[in-house]
Amino acid sequence: MINAAIFASGNGSNAIELLKLEKDLRNIKFNFLVTDKKNAGIIEKAKKFNKDVYLFEKENNKLEHERKILNKLKSENIEWIFLAGYMRILSSDFINHFYNDYLDQAKIINIHPSLLPDFKGKNAYEQAFNAKVNHSGVSIHFVDAGIDTGELITQKELPLIKGESLENFKKRGLKLEHELYPKVVKNIDKFIETKCKEDIYEI
Ligand code: GRF
């Protein structure tokens with residue numbers, strides 16, 4: 001049984017898609033939800049799942065902030081973290097606490113709304129839209145100390161439709177995110193077993 005946490009800062013729509021899986025999966029429990037924003041969508045949305053969300057608001061001292069989160073995660077025996085629109089960059093110190101020798105990765109996974117390594121960082125849909133690319137996509141990757149630089153697990157392309165608005169593009173992108181992230185979680189045993197070392201998983 002994987003004892004996992006979800007970290008979310010925004011609307012929480014990806015976090016909810018992961019929570020919906022719990023009833024059908026025997027191998028994973030999302031026992032710990034974290035946000036850094038007191039108005040984060042996940043706080044309200046998680047109530048439907050009878051889950052509390054722990055609020056750790058930003059502090060000037062980043063290491064202190066992370067230490068508080070870490071202490072709680074340790075006391076809850078959390079092994080895996082799924083980032084779902086969490087808007088803080090985790091320090092290498094924090095990430096190293098989740099490093100797993102067998103995987104040669106930290107057990108922290110993120111979803112990013114572009115075909116990495118293109119359009120890292122914030123507002124990736126806007127970045128891709130403004131760059132007028134033919135297609136962008138969604139990536140799921142391990143988290144390392146860089147910004148959206150960790151090893152890829154899977155990617156799915158999202159073509160831009162000629163003449164569509166940014167809003168429409170984002171809406172379609174989010175729909176793809178909601179399909180892809182649960183698939184990764186459902187396949188997590190497979191990723192662990194194969195050490196996530198195949199090029200990029202087609203799922
Ligand atoms: C998503 O586009 C995610 O890929 C990005 O932030 C957004 C969060 O959306 N990292 P939500 O909070 O899950 O609705």
Side-chain angles (χ1 to χ4, degrees), residues 4-22 28 30 32-49 51-58 69 80-90 94-95 106 108-131 133 135-161 164-186 200-201 203:
I6 301 173
F7 286 25
S9 307
N11 289 326
S13 67
N14 278 290
I16 294 309
E17 291 304 316
L18 300 190
L19 286 177
K20 279 188 203 164
L21 286 177
E22 221 179 40
I28 191 157
F30 296 107
F32 202 71
L33 308 181
V34 171
T35 189
D36 58 329
K37 297 266 189 260
K38 59 175 180 291
N39 54 357
I42 193 176
I43 297 175
E44 264 312 298
K45 290 179 177 137
K47 285 182 185 160
K48 217 169 80 186
F49 298 84
K51 302 264 184 194
D52 291 329
V53 179
Y54 285 82
L55 172 65
F56 295 92
E57 281 189 283
K58 177 180 186 260
I69 301 175
W80 281 84
I81 300 175
F82 293 85
L83 304 181
Y86 187 64
M87 297 309 285
R88 315 217 75 77
I89 307 299
L90 298 170
F94 182 95
I95 293 167
I108 307 179
I109 290 178
N110 184 39
I111 184 161
H112 183 78
S114 77
L115 285 183
L116 290 171
D118 293 341
F119 309 120
K120 296 181 184 122
K122 281 187 189 166
N123 304 322
Y125 286 124
E126 281 87 336
Q127 292 185 51
F129 187 85
N130 293 335
V133 291
H135 62 264
S136 187
V138 171
S139 302
I140 297 192
H141 63 96
F142 282 106
V143 172
D144 65 11
I147 299 177
D148 302 320
T149 51
E151 192 171 312
L152 285 167
I153 295 172
T154 190
Q155 293 185 308
K156 269 276 188 276
E157 282 190 9
L158 177 70
L160 268 93
I161 298 169
E164 79 175 320
S165 62
L166 172 61
E167 197 189 5
N168 197 62
F169 173 54
K170 274 187 179 173
K171 198 169 139 196
R172 291 191 304 112
L174 208 52
K175 187 164 172 276
L176 181 60
E177 292 186 45
H178 295 165
E179 289 163 14
L180 199 58
Y181 215 178
K183 281 187 187 167
V184 167
V185 170
K186 281 185 195 159
I200 293 176
Y201 286 85
I203 56 175

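One-based numbering, in listed order, for ligands and for the atoms of each.
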| message | Could you tell me if the side chain of Ile69 sits less than 4.5 Å from the side chain of Phe7, heavy atoms only? | response | yes
### Query
Which word best sums up how the rings of Phe32 and Phe56 line up, parallel for under 30°, tilted for 30 to 60°, or perpendicular for over 60°?
tilted
The reported gap from OG1 in Thr149 to CG in Asp144 (rounded to nearest 0.5 angstrom) is 3.5 Å
Here the gap from Glu17 atom CD to Lys175 atom NZ, rounded to the nearest 0.5 Å, amounts to 11.0 Å
Quick note on ligand 1: atoms under 4.0 Å from a heavy atom of Gly10 include exactly 12 (O)
Of all protein heavy atoms, the one nearest atom 9 (O) of ligand 1 is Asn14 ND2, 3.9 Å
Considering both backbone and side-chain atoms of Ser13, is one of its nitrogen or oxygen atoms within less than 3.5 Å of a nitrogen or oxygen in ligand 1?
yes
Counting from 1 in the order shown, the ligand 1 atoms closer than 4.0 Å to a non-hydrogen atom of Asn11 are 12 (O), 14 (O)
In this structure, CD of Glu57 is separated from CG of Asp36 (nearest 0.5 Å) by 8.5 Å
shortest atom 6 (O) of ligand 1-to-protein heavy-atom contact is with Gly85 CA, 3.6 Å
For atom CD1 of Ile147, decide whether the heavy atoms of other residues, nucleotides or ligands shown that lie under 6.0 angstrom number more than 12.
no
- Does even one non-hydrogen atom of Ala8 get within less than 4.0 Å of ligand 1? no
heavy-atom search around atom 10 (N) of ligand 1 in the protein gives Ile111 O, 3.5 Å
### Ala15, any N or O under 3.5 Å of ligand 1 N or O
no
* Please tell me if the side chains of Ile81 and Tyr86 come closer than 4.5 Å, counting only heavy atoms from C-beta onward. => no
So CG of Leu55 and NZ of Lys37: to nearest 0.5 Å the spacing works out to 10.0 Å
Practice prompt. Could you tell me whether Tyr125 and ligand 1 have an N or O pair separated by under 3.5 Å?
Written response: no
heavy-atom search around atom 12 (O) of ligand 1 in the protein gives Gly12 N, 2.8 Å
Closest to atom 4 (O) of ligand 1 among protein heavy atoms sits Glu177 OE1, 2.6 Å
